[in-house]
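Report on the structure given below.
Computed from a predicted model, the values in this text were never measured in an experiment.
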Amino acid sequence: MMNTLTLAYPDSTVHEATAAAIIRVLEANDVEPEIVTGPKDALAALLRKNEIDLYVAAWLPDEDADLLTPGVTPLGDLFQPGACCCISAEDTPLSSIADVVRAGPELSRTIVTPQSLEAAMQKVLETYGLAAAGFTLKVLPDEEALAELNAALTRKDLVLMPLIQPCFLFHQGGFRILSDPQGAFGPEQHARMLLRPGLETELEQDLLDELDELMLSVKIISAMDYAMRVDGMTADEAAEAWQRGRLIPR
């Protein structure tokens, strides 16, 4: 049976946190992972060539559907990631995206939007009539958008915040998630590991079962992301803190 494998994850703190939890399970079962990170499209090419054993983590059924090439096997259901629109106040009377068209001038009409959510937010604007109400998108690279939204929270500006859970801002708090009654953001996703063809027969069944049963959550990953970004922990330190019950999701 295998005692090393190649584990890959996209280059982001959320995926690094997810991978860190998986790595602790592998190491506890005497399997040493060789880590590969990079842009998702580069990792997808490696996965297609069977040069990655374990991919962490595909968001299915929609976000990463192109990674499900013939023979690749999804495993587990780690957590349920998803896009949402938030408002930067906890005491707002707004509870739904449908309420936003009736918001007063105190709500900024400029929506700072992570690049990865541009298409989803265009659909939100159309579905809820926000474009006609004067709302426009300011699309930035994801990290720049997160920094700008975090700064708006610090200043207590009233803004709409398109975000993907998990994310460190959800652990930080100070805002409200708006409901999406028209389902503009699409169905719930599931974060799953992907095994290259044949890997199932090369790993111990006990390890496969443990990976399959591993339950994280968007709150756990958000807390780990916060620990890494704000508290300066490494991904491994954040995973250990969670495992030992010292990292409390909010």
Side-chain angles (χ1 to χ4, degrees), residues 2 5-23 25-26 33-85 113-127 137 139-146 162-167 180 182-203 208 211-212 214-218 221-222 225 235:
M2 296 181 72
L5 58 73
T6 303
L7 180 146
Y9 60 86
D11 193 12
S12 78
T13 51
V14 161
H15 287 292
E16 187 180 5
T18 307
I22 304 297
I23 288 167
V25 173
L26 295 173
E34 296 174 1
I35 310 300
V36 177
T37 65
K40 192 183 292 184
D41 55 355
L43 298 182
L46 293 176
L47 189 62
R48 284 193 295 272
K49 292 188 285 187
N50 291 343
E51 293 179 17
I52 289 170
D53 295 311
L54 180 63
Y55 180 92
V56 182
W59 292 6
L60 301 172
D62 302 316
E63 182 76 19
D64 294 322
D66 58 329
L67 297 177
L68 284 177
T69 50
V72 168
T73 305
L75 182 71
D77 191 357
L78 299 167
F79 56 90
Q80 289 73 53
C84 58
C85 193
T113 302
Q115 204 160 32
S116 61
L117 283 176
E118 181 179 4
M121 281 306 295
Q122 290 289 1
K123 186 174 181 183
V124 167
L125 289 190
E126 294 163 13
T127 301
L137 304 184
V139 180
L140 296 173
D142 285 19
E143 287 299 321
E144 289 180 32
L146 287 177
L163 294 171
I164 295 177
Q165 293 194 80
C167 168
D180 175 19
Q182 298 292 330
F185 281 114
E188 182 181 74
Q189 301 296 292
H190 296 266
R192 308 193 68 190
M193 293 161 278
L194 298 182
L195 310 182
R196 66 151 170 82
L199 184 63
E200 278 182 292
T201 61
E202 299 171 38
L203 293 178
L208 282 171
L211 290 172
D212 191 36
L214 180 62
M215 295 292 290
L216 304 171
S217 69
V218 291
I221 299 298
S222 295
D225 191 31

Exercise. Can you find a heavy atom in the side chain of Leu194 that is under 4.5 Å from one in the side chain of Leu68?
Worked result: yes
For this session: List in chain and number order the residues that pass side chain to side chain donor-acceptor pair (under 3.5 Å) with Ser217, two or more places apart in sequence or in another chain; answer none if no residue qualifies.
Result: none
Problem set entry | Spacing of CG belonging to Leu5 relative to CG belonging to Leu54, to within rounding of 0.5 Å | 6.0 Å
For this session: Determine whether Met193 and Leu211 make a side-chain contact, defined as any pair of heavy atoms from C-beta on separated by less than 4.5 Å.
Result: yes
Seminar exercise, completed: Hits for salt bridge (Lys or Arg N to Asp or Glu O under 4.0 Å) against Arg192, two or more places apart or cross-chain, chain-then-number order -> none
Problem set entry | Under the side chain to side chain contact (heavy atoms under 4.5 Å, CB included) test, residues paired with Cys167 that sit two or more places apart | Leu146, Leu169, Phe170
Problem set entry | Pairwise side-chain hydrogen bond (donor to acceptor under 3.5 Å, both in side chains) hits with a residue in residues 73-84, at least two apart | Asp77-Gln80, Asp77-His190
Problem set entry | Donor-acceptor contact below 3.5 Å, side chain Gln165 vs main chain Leu163 | no
Problem set entry | Results of side chain to side chain donor-acceptor pair (under 3.5 Å) for Asp212 - residues two or more places apart only | none
Exercise. Under the 3.5 angstrom rule, does the side chain of Asp11 hit a backbone N or O of Gly38 as a donor-acceptor pair?
Worked result: no
Compile the donor-acceptor pairs under 3.5 Å between side chains in residues 113-123 and protein atoms, sequence neighbours left out, one pair per line.
residue	atom	partner	partner atom	Å
Thr113	OG1	Ile111	O	2.9
Ser116	OG	Asp142	OD1	3.4
Ser116	OG	Asp142	OD2	2.7

Exercise. Sequence neighbours excluded, which residues qualify as side chain to side chain donor-acceptor pair (under 3.5 Å) partners of Asp225?
Worked result: Thr13, Arg229
Problem set entry | Residues that Pro70 engages under side chain to side chain contact (heavy atoms under 4.5 Å, CB included), provided they are two or more places apart | none
Exercise. At their closest point, which heavy atom of Pro33 faces which heavy atom of Leu26, and how far apart are they?
Worked result: CB-CD1, 4.2 Å
Problem set entry | Val56 and Ile23: CA distance, side-chain angles, deciding distance, side chain to side chain contact (heavy atoms under 4.5 Å, CB included) verdict | CA-CA 10 Å; Val56 182; Ile23 288 167; over 6 Å; no
For this session: Tell me, please, which residues at least two apart from Ala191 pass side chain to side chain contact (heavy atoms under 4.5 Å, CB included).
Result: Ala57, Trp59, Leu78, Phe79, Pro81
Problem set entry | Side chains of Tyr55 and Pro10 in contact at under 4.5 Å (non-hydrogen atoms) | yes
For this session: Can you measure from CG (Leu7) to CD1 (Ile35) and round to the nearest 0.5 angstrom?
Result: 5.0 Å
Problem set entry | Separation between CG of Asp62 and CD of Glu188, rounded to the nearest 0.5 Å | 11.5 Å
Problem set entry | side-chain hydrogen bond (donor to acceptor under 3.5 Å, both in side chains): pairs with one or both residues in residues 36-51, sequence neighbours excluded | Lys40-Asp64
Problem set entry | Gap between atom OG1 of Thr6 and atom CG of Asp53 - 0.5 Å precision | 4.5 Å
Problem set entry | Straight-line distance of Leu67 CG to Leu43 CG, nearest 0.5 Å | 8.5 Å
Problem set entry | Residues in side chain to side chain donor-acceptor pair (under 3.5 Å) contact with Glu63, at least two apart in sequence or another chain | none
Problem set entry | Gap between atom CG of Leu216 and atom OG1 of Thr18 - 0.5 Å precision | 6.5 Å
